[in-house]
*Asks:* 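Handing you this structure, nothing more for now.
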Amino acid sequence: MEKHHSTPETHSQLVNHHAHRHQEGGLLSAYCAYPKGIKFIGADSKEHIVLLLRKHWITNLRWMVIVFLMILAPVLVLGGGLFNQVPERFQIVGLFFWYLITTAYALEQFLSWFFNVYIVTDERVFDVDFNNLVHRQISDANLDQIQDVTSTIGGVIRTALNYGDVVIQTSAEIVQIEFLAVPKPDRVAAVIRELRVEEEQEKLEGRVR
Amino acid sequence: MNQFEITTMLGDEIWVAVRYMFLLGLALYLVFALVIVRQVGLMTKTLSVGFEFPIKLLAYLHLIASVLLFFLAFVSL
């Protein structure tokens with residue numbers, strides 16, 4: 001959060017403080033602050049999303065390279081004459097099948113990146129995980145249950161691209177929530193700490209929702 | 001004995017077997033394509049960011065392509 005914004009003093013100021021901040025980052029961004037028009041299961045109607053995070057786009061590079069090679073593979077294989085003895089109708093169906101598999105692989109990898117998100121609201125932090133094709137797990141913790149927030153950037157590539165992990169220790173049933181390979185981990189940790197302070201201030205002043 | 005000699009010896013029988021293998025594989029793939037559609041539905045229901053239409057469209061196009069490929073294989077192989 002930018003330090004030049006003044007700290008809200010009343011409850012309505014606090015609500016407006018989060019509700020009217022400008023969005024930073026787009027729908028396909030790995031880091032999006034104050035996203036508009038986002039809905040997710042488990043959200044409270046009065047809850048405002050402060051951060052919507054995904055893994056840094058560089059984590060997609062591996063599967064993108066694989067997809068590129070899969071697209072090129074038939075050209076190399078068929079051009080090399082390996083399947084000259086195979087009837088043409090089988091080659092055509094096989095080719096279409098291969099590209100269908102390539103499409104499915106690319107789609108699955110994109111969906112995994114796009115929908116495995118980390119959400120920070122003005123009340124809670126969420127970790128939305130799709131572990132396999134039809135299994136979903138949502139972990140959340142209230143901000144006032146957060147005991148410790150640690151950000152880590154390790155390695156040359158992560159340092160150069162400024163992405164890393166944010167580990168959140170809580171006193172909730174889920175002891176630890178991890179935001180893995182997210183952009184600007186130091187900033188994310190700072191935002192969570194500041195929101196926790198705001199939440200504690202709300203509690204002291206009797207404004208807890 | 002190389003590949004050419006094997007296929008000449010077996011004749012058309014091997015391609016009948018390959019045809020059924022293709023059809024079985026494509027039928028299983030159809031199920032997988034249906035699961036992807038189901039998965040996209042679950043995901044967009046969990047998180048709605050305004051990008052649902054292109055993703056759902058891609059999933060359904062993939063399913064339609066799988067169905068068409070199955071029928072193509074059934075007819076042409």
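Chain letters run A, B, ... following the sequence lines, proteins first, then strands; residues in each count from 1.
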*Asks:* Given heavy-atom pairs under 4.5 angstrom as the criterion, report whether the side chain, backbone, both or neither of A/L107 touches chain B.
*Replies:*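 For A/L107, the side chain is the part near chain B, not the backbone.
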
*Asks:* Which bit of A/I138 comes within less than 4.5 Å of chain B, counting heavy atoms only: side chain, backbone, both or neither?
*Replies:* side chain

*Asks:* For the CZ atom of A/F97 and the CG atom of B/L69, what is their distance to the nearest 0.5 Å?
*Replies:*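 A/F97 atom CZ to B/L69 atom CG measures 7.0 Å (nearest 0.5 Å).
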
*Asks:* Which atoms of A/F130 are under 4.5 Å from chain B, going by heavy atoms: the side chain, the backbone, both sets, or neither?
*Replies:* side chain

*Asks:* Can you tell me if A/I157 has over 12 outside heavy atoms packed within less than 6.0 Å of its CD1?
*Replies:*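 Result for CD1/A/I157: open.
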
*Asks:* Rounded to the nearest 0.5 Å, what's the gap from NE2 on A/H135 to CG on B/L42? Could you check?
*Replies:* 10.0 Å

*Asks:* More than 12 foreign heavy atoms under 6.0 Å from CD of A/E173: is that the case here?
*Replies:* no

*Asks:* Angle between ring planes, B/F51 versus A/F114, binned at 30° and 60°: parallel, tilted or perpendicular?
*Replies:* tilted

*Asks:* Chain A heavy atoms under 4.5 Å from B/V40: which part of the residue, side chain, backbone, both or neither?
*Replies:* side chain

*Asks:* Is a side-chain N or O of B/Y29 found less than 3.5 angstrom from the main chain of A/L100, in a donor-acceptor match?
*Replies:*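 Yes; judged by distance alone, with no hydrogens or angles, the pair exists.
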
*Asks:* Could you report the tightest heavy-atom contact between B/I36 and A/A104, atom names first, then the distance?
*Replies:* CD1-CB, 4.2 Å

*Asks:* Can you tell me how far apart CZ (A/R89) and CH2 (B/W15) are? Round to the nearest 0.5 Å.
*Replies:*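 It is 8.5 Å, given to the nearest 0.5 Å.
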
*Asks:* Looking only at non-hydrogen atoms, find the nearest pair between A/I41 and B/K45 and report the distance.
*Replies:*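 Of all heavy-atom pairs spanning A/I41 and B/K45, the closest is CG1-O, 3.6 Å.
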
*Asks:* Do A/F110 and B/I55 come close enough that some side-chain heavy atom pair is under 4.5 Å?
*Replies:*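 A side-chain contact under 4.5 Å exists here.
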
*Asks:* Kindly compute the distance separating OG (B/S76) from CZ (A/F90), expressed to the nearest 0.5 Å.
*Replies:* 8.0 Å

*Asks:* Should the heavy atoms of other residues, nucleotides or ligands under 6.0 Å from NZ of A/K55 be counted, would the total exceed 12?
*Replies:* no

*Asks:* Quick one: are B/T46 and A/F115 in side-chain contact, heavy atoms under 4.5 Å?
*Replies:* no

*Asks:* Find out whether A/I119 and B/L47 are in side-chain contact, i.e. whether some heavy atom of one side chain is under 4.5 Å from a heavy atom of the other.
*Replies:* yes

*Asks:* Would B/V49 and A/F40 count as a side-chain contact (heavy atoms from CB on, under 4.5 Å) here? Give the steps.
*Replies:* CA-CA 9 Å; B/V49 299; A/F40 63 97; over 6 Å; no

*Asks:* Below 4.5 Å, heavy-atom pairs only: which of A/L28, A/I38, A/T103 has the largest tally toward chain B?
*Replies:* A/I38

*Asks:* Please round to the nearest 0.5 Å and tell me the distance separating atom OG of A/S112 and atom CE of B/M43.
*Replies:* 6.5 Å

*Asks:* Decide if atom OH of A/Y105 counts as having more than 12 heavy atoms of other residues, nucleotides or ligands within a radius under 6.0 Å.
*Replies:* yes

*Asks:* Examine whether an atom of A/V93 lies under 4.5 Å from a heavy atom of chain B, and if so say whether it belongs to the side chain, the backbone or both; otherwise answer neither.
*Replies:*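 Answer is both: backbone and side chain atoms of A/V93 are under 4.5 Å from chain B.
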
